[in-house]
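Here is the structure we will look at, set down as structure tokens.
Since the model is a prediction, treat every value here as computed from it, not as a measurement.
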Amino acid sequence: MRLHVRIDERSAGFLALGIARGREVAGRRAPVAIVTTSGTAVGNLLPAVMEAHHAGVPLLLLTADRPAELRGVGSNQTTDQVGIFGAFVRWEQDVPAPEPGEGLSRAAALAERAVDAALGKPDRDDMAAAAGPVHLNIGFREPVGADGGVWLDPPSPPPPSGAIPIVVPAPRPAPLPAVTRGIVIAGDGAGDVARRVAEAHGWPLLAEPTSGARTGTHCIADYVRLLESPAGEALAERIHQVVVIGRPTLTRAVQALIARAPALIVAGFGARWREAPVHAQAVVRSVPESWWARDDAVVADASWLAEWRAGGARPAAPEGWGPRVIAAAFLDSLGGPAEGPVGVVGSSGPIRALDRIMPAARAGAGPVVLANRGLAGIDGTVSTAGGIALGSGRAVHALMGDVTFLHEAGGLLVGPREERPYARIVVVNDGGGTIFGGLEHGSAPPDNLERVFTTPHGADLASLCAGYRVPHVEVRSREQLDAALAVPVRTLEVIEARV
């Protein structure tokens, strides 16, 4: 068992979430346990629990509590922790304090059930189907040191008893309708199967950076710019069918395609897959094999794909210096699916800059790019990146804005006895949350826009990093950034890209 200690429970929660995601990158999916004391410590886990719930990440929340007789009587650091995470956990149990001389059978049964629930149940037709957080709220009496002993071998829990969960058999998914003017939209977590579906039917593929599908000959990498153009709007009007795989969240143009689709079919729409758009004709948990089976009786319209490719096959390389150039340098520094640095991208501006400049890679050769897109928040991004490095065993290059970085600067705090992740954080420092300048808020009076939305911080990132004993370097050009990214990652470090 590998132990990581953090003094901030919010950072610890996102570190655990990152470790779980890193283990999945390495092909070793397993739940990660978070152990806390009672009181506000438990409340600090909520942001990470919410993200894990929406993203389908298995976590075990082991929270200490007072025994029943000390609850509700003003005992120190005691609050109502039962049900504190609401609908954001797959299963929860308030565990009574152990009795003297108690054996291991109860703890073993709880452990077995908790792990089972955290990993999800594929045969279920409800939220229990998806992996996610599980909460064990565990009471203790003094002296807290007495227990049933050490588990020298894996426990052998008794057979489960009680009610049998209801399993709703799902009908076998039908093949996709054979239409000539279809399109595949690949959102976060879609996977390479989205590329296979698009190529099997001869349709264009619009794939977000964290979809795992921005590859192949059918990928329209410059889709954001294309959909904003008159030519793209005309193509959108001619679509007969939209197939959504994964959870797209980045652009309004894609959301508009989904909203007005003449026919909509959805698969793998995140952990809450049943909450797909209400006008979808079919919604399935994952992509069935029948979707990428080619029907030889149907001849694809090659001109349909050609029109999309002519308008948006490859994004133009950004020039000069700014967020898109920084995103391009970051992208060039990543490795392939099985080697080199894993990419982690913060929400808001950086992931959208990456979306506009990221070309399509060869099938099977694209980089691994991850982000917290379950709720698309900026919480815990520093700790998530460190956790992915620790869980995957690979170096991480993370790209995030200055507000995202400062929101969890405490994630830089790694104690002197703790394993330090090999994580390099590239911070785009443009003085605040400039993403809002491109939205409706941009028409507000300049003073209001700056104070309420841009939220200028005036922070000295170099001094902040020095306080945490984290190496820091400032760059102001593409050449300087390329040189800094080319050095192998050997610790937790920060590159500040000033724009």
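Of the options Val426, Leu334, Asp332, a side-chain contact (heavy atoms from CB on, under 4.5 Å) to Leu485 is made by Val426 and by none of the others. In summary, of the residues considered (Ile388, Val382, Leu390), a side-chain contact (heavy atoms from CB on, under 4.5 Å) with Leu15 occurs for Leu390 alone. When each of His457, Arg498, His407 is tested with Asp402 by the rule side-chain hydrogen bond (donor to acceptor under 3.5 Å, both in side chains), just one qualifies, namely His457.
The two residues Ile239 and Pro262 come nearest to each other via the heavy atoms O-CG, 3.2 Å. Taking every heavy atom of both residues into account, Ala20 and Val57 meet most closely at CB-CG1, 3.5 Å. The shortest heavy-atom contact between Asp355 and Pro209 is OD1-CD, 3.3 Å. Taking every heavy atom of both residues into account, Trp203 and Gln241 meet most closely at CH2-NE2, 3.3 Å. The two atoms that bring Val287 and Ala267 nearest to each other are CG2-CB, 3.8 Å, heavy atoms only. The two atoms that bring Thr381 and Gly346 nearest to each other are CG2-CA, 4.0 Å, heavy atoms only.
The backbone N or O of Ser383 lies less than 3.5 Å from a partner atom in the side chain of Glu408, making a donor-acceptor pair. With Arg214 contributing its side chain and Gly366 its backbone, the two residues share no donor-acceptor pair below 3.5 Å. Between the side chain of Trp291 and the backbone N or O of Pro175 there is no donor-acceptor pair closer than 3.5 Å. No donor-acceptor pair closer than 3.5 Å links the side chain of Trp292 to the backbone N or O of Arg195. Although no hydrogens or angles enter the test, the distance criterion places no donor-acceptor pair under 3.5 Å between the side chain of Arg373 and the main chain of Arg247. In this structure a side-chain-to-backbone donor-acceptor pair under 3.5 Å is present from Arg90 to Ala131. Judged by distance alone, the side chain of Arg181 and the main-chain N or O of Arg238 form a donor-acceptor pair under 3.5 Å. Formation of a donor-acceptor pair under 3.5 Å by the Ser211 side chain with backbone atoms of Ala207 is not found in this model. Although no hydrogens or angles enter the test, the distance criterion places a donor-acceptor pair under 3.5 Å between the side chain of Arg225 and the main chain of Gly311. Under a 3.5 Å cut-off, the side chain of Arg352 and the backbone N or O of Leu250 do form a donor-acceptor pair.
Side chain to side chain, His218 and Arg309 fail the donor-acceptor criterion of an N or O pair below 3.5 Å.
A distance of 9.5 Å separates CD1 in Ile351 from CG in Leu399, rounded to the nearest 0.5 Å. In this structure, CG in Leu375 is found 8.0 Å from NE2 in His53, a value given to the nearest 0.5 Å. A distance of 13.5 Å separates CZ in Phe14 from CD1 in Ile19, rounded to the nearest 0.5 Å. Of the inter-residue distances, the one linking His201 atom NE2 with Thr180 atom OG1 reads 12.5 Å to the nearest 0.5 angstrom. The CE atom of Met358 sits 13.5 Å away from the CG atom of Asp222 when rounded to the nearest 0.5 Å. Expressed to the nearest 0.5 Å, how far CZ of Arg424 lies from CG of Leu492 amounts to 11.0 Å.
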For this session: Apply the test side-chain hydrogen bond (donor to acceptor under 3.5 Å, both in side chains) to residues Arg6 and Ser11: give CA-CA distance (whole Å), side-chain angles for both, the deciding distance (0.1 Å), then the verdict.
Result: CA-CA 7 Å; Arg6 297 295 185 270; Ser11 293; over 6 Å; no

For this session: Assess whether side-chain hydrogen bond (donor to acceptor under 3.5 Å, both in side chains) is satisfied between His472 and Glu496, documenting all intermediate values.
Result: CA-CA 7 Å; His472 167 277; Glu496 179 184 354; 2.8 Å; yes

Exercise. Should Arg478 and Asp482 be marked as a salt bridge (charged side-chain N to carboxylate O under 4.0 Å, His left out) after you check the CA-CA gap, both sets of side-chain angles, and the distance that decides it?
Worked result: CA-CA 6 Å; Arg478 171 69 188 262; Asp482 285 339; 2.9 Å; yes

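Relative orientation of the His54 and Phe88 rings is tilted, given thresholds of 30° and 60° on the angle between their planes.
For Arg362, the CZ atom sits in a loose shell: 12 or fewer heavy atoms of surrounding residues, nucleotides or ligands are nearer than 6.0 Å. Enclosure of atom CZ in Arg314 is not indicated, since only 12 or fewer non-hydrogen atoms of other residues, nucleotides or ligands lie within 6.0 angstrom.
Salt bridge status for Arg21 with Glu51: absent, with no side-chain N to carboxylate O gap under 4.0 Å.
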